Amino acid sequence: MPPPPPPPPPLGRGRKGSAQVFDAALDDAELVVARSALAQGRWTAVRSLLAVTGDEWDRRGHRVTVLAQESTTLAWARDWQLAEPESADASVLLACATVQRALDGKDRPERARETCHAAAALAPADPTPWLGLLTLERTLGAEADVVRLFDEVRHRHPEHHQAHHLMVARLAERRAQAGQDPLHEVYDFANWAAEQAPADSPLAILPVVAHAERYRVLATAGSEPADPAASGHWVGRRARQVMKAAFDWWLEWEHDDHPRRLLDLNFLAHAKSCEGRGAEAAALFHRIGPHATPVPWSYPDRDPYKAFRAARDSALGTA
């Protein structure tokens, strides 16, 4: 590996506290520019961005999801669709923005479902409308619907990063009272997905994600401490094997351009911090830089800014 970069800059506390620290766009500078333009009503910048993105499905899903989170996106996406009614990109953005509003309780889930199906009809090969539906039903739907929608996404893009994360989060919530079950189905699913993916796929980190999501469920149920570092969840034999395999894979990974790789690195840094492996965590924090993500640092109900900063400061102090 090349020598590590300099220490990351300090995280500055904005006027709104933690809300100012996290940016769902991560390090996608083109997305940040287009998002700012869209907030000013210039939807043509987003049209250009999505046209350039093409069928990079993970990047497309990431970009559309981030844009959909903005409060003004729905209105501008409607304007875009009125101007270009045959635009699949406009339809997909409108669909995912409607999903976000439904999840925020500001629109009817039925409307979100309708807009997603309309977008899917315009772009049959695109997994993004189905990702919108999966995002909605992961929270509101029955498990059979979640599985069906995951299959729709996977049929179009077998390695879809965001869809696998959503599926892991939902599966982790099965049998919340079962406690520390090393045979829980979320672990089986994550291991299966990691094994099915190509060797250079970031789905190799999915077993770590499953471990954190299961901790969230157990801690919320009261069977694990609310402080993950005080939990034995990361120090058992199976857990250590999972963390070592994921870290070793990261050391060998040569395709450091995945749009959501920083989310994976936050999961891995969180795991290494909870495991007490300060030097390994420090290497990850160097690579993360200022791009912290709310999850899993918020698990189960913590201030993610404080949790990330404390773990980072501790790790860099031991490196």
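Here the structure is a predicted model, which is why all the values come from computation and not from measurement.
Under a 3.5 Å cut-off, the side chain of H286 and the backbone N or O of A281 do not form any donor-acceptor pair. Side-chain atoms of R309 do not come within 3.5 Å of backbone N or O of K306 as any donor-acceptor pair. Between the R277 side chain and the A271 main chain, no donor and acceptor come within less than 3.5 Å of each other. A side-chain donor-acceptor contact under 3.5 Å links R214 to the backbone of A172. Remark: side-chain polar atoms of W130 are not paired, donor with acceptor, to backbone N or O of V153 under 3.5 angstrom. N191 contributes a side-chain N or O that, together with a main-chain N or O of Y187, makes up a donor-acceptor pair within less than 3.5 Å. For R78 (side chain) and T73 (main-chain N/O), no donor-acceptor pair under 3.5 Å exists by modelled atom type. At least one donor-acceptor pair closer than 3.5 Å links the side chain of T135 to the backbone N or O of L131. Between the T53 side chain and the L49 main chain, a donor and an acceptor come within less than 3.5 Å of each other. Within the 3.5 Å criterion, the main-chain N or O of L218 finds a donor-acceptor partner in the side chain of S223.
Considering W234, F285, Y215 as possible partners of H270, the one that fulfils the ring pair (Phe, Tyr, Trp, His ring centres under 6.0 Å) test is W234. When each of L134, L133, T128 is tested with C116 by the rule side chain to side chain contact (heavy atoms under 4.5 Å, CB included), just one qualifies, namely L133.
A continuous path of ILVMFWY side-chain contacts below 4.5 Å connects L166 to W192, so both sit in one hydrophobic cluster. Linking ILVMFWY side-chain heavy atoms closer than 4.5 Å, directly or via other members, places I288 and V32 in two distinct hydrophobic clusters. The cluster map of Ile, Leu, Val, Met, Phe, Trp and Tyr, joined by side-chain heavy atoms under 4.5 Å apart, puts V146 and V217 in different clusters. In this structure, M167 is a member of the same hydrophobic cluster as V208, with clusters built from ILVMFWY side-chain heavy atoms closer than 4.5 Å. V147 and L136 fall into different hydrophobic clusters, where Ile, Leu, Val, Met, Phe, Trp and Tyr are joined by side-chain heavy atoms under 4.5 Å apart, directly or via other members.
The two residues A95 and A119 come nearest to each other via the heavy atoms CB-CB, 4.1 Å. Nearest heavy atom pair, residue K272 against residue L284, reads CG-CD1, 4.0 Å. For the residue pair A307 and R302, the shortest heavy atom distance occurs at CB-NH1, 3.6 Å. Nearest heavy atom pair, residue V242 against residue P207, reads CG1-CB, 3.7 Å. Across all non-hydrogen atoms, the minimal contact from D58 to H258 is OD2-NE2, 2.9 Å.
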Stepwise, does the ring pair (Phe, Tyr, Trp, His ring centres under 6.0 Å) test hold for F150 with H164?
CA-CA 8 Å; F150 174 74; H164 279 83; 5.0 Å; yes
Test side-chain contact (heavy atoms from CB on, under 4.5 Å) on W80 and L94 and set out the steps.
CA-CA 9 Å; W80 180 8; L94 178 64; over 6 Å; no
Could you please spell out the steps behind the side-chain hydrogen bond (donor to acceptor under 3.5 Å, both in side chains) verdict for D79 and W43?
CA-CA 8 Å; D79 283 358; W43 50 261; 5.5 Å; no
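Side-chain contact check for S87 and R47: no donor-acceptor pair (N or O, by modelled atom type) lies under 3.5 Å. For the 3.5 Å distance criterion, the side chains of R260 and H161 qualify, holding a donor opposite an acceptor. A side-chain N or O of D104 and one of Q100 form a donor-acceptor pair less than 3.5 Å apart. For the residue pair D28 / H62, no side-chain donor-acceptor distance below 3.5 Å is found, with atom types taken as modelled.
No side-chain heavy atom of L206 sits under 4.5 Å from any side-chain heavy atom of D264. Looking at heavy atoms from C-beta onward, D188 lies out of side-chain contact with L183 at the 4.5 angstrom threshold.
A salt bridge does not link D301 to R216: none of the charged side-chain nitrogens sits closer than 4.0 Å to a carboxylate oxygen. A salt bridge does not link E152 with R148: every distance from a Lys NZ or Arg NE/NH1/NH2 to an Asp or Glu carboxylate oxygen is 4.0 Å or more. With respect to the salt-bridge test (charged N to carboxylate O, under 4.0 angstrom), the residues R170 and E213 do not qualify. Here R175 pairs with E185 in a salt bridge; the nearest charged N to carboxylate O distance falls below 4.0 Å.
Aromatic pair F308/F22: centroids not less than 6.0 angstrom apart. Taking the six-membered ring for Trp and the full ring otherwise, W249 and W253 have centroids separated by under 6.0 Å.
Of the inter-residue distances, the one linking L67 atom CG with T72 atom OG1 reads 9.5 Å to the nearest 0.5 angstrom.
With a 6.0 Å radius and a threshold of 12 heavy atoms from other residues, nucleotides or ligands, E159 has its CD atom above the threshold. Open room surrounds NE2 on H155; 12 or fewer heavy atoms of other groups in view lie less than 6.0 Å from it. Atom CD of E86 has 12 or fewer neighbouring heavy atoms from other residues, nucleotides or ligands inside a 6.0 Å radius.
The aromatic rings of H160 and H157 sit perpendicular, their planes meeting at an angle over 60°, well past the 30° parallel limit.
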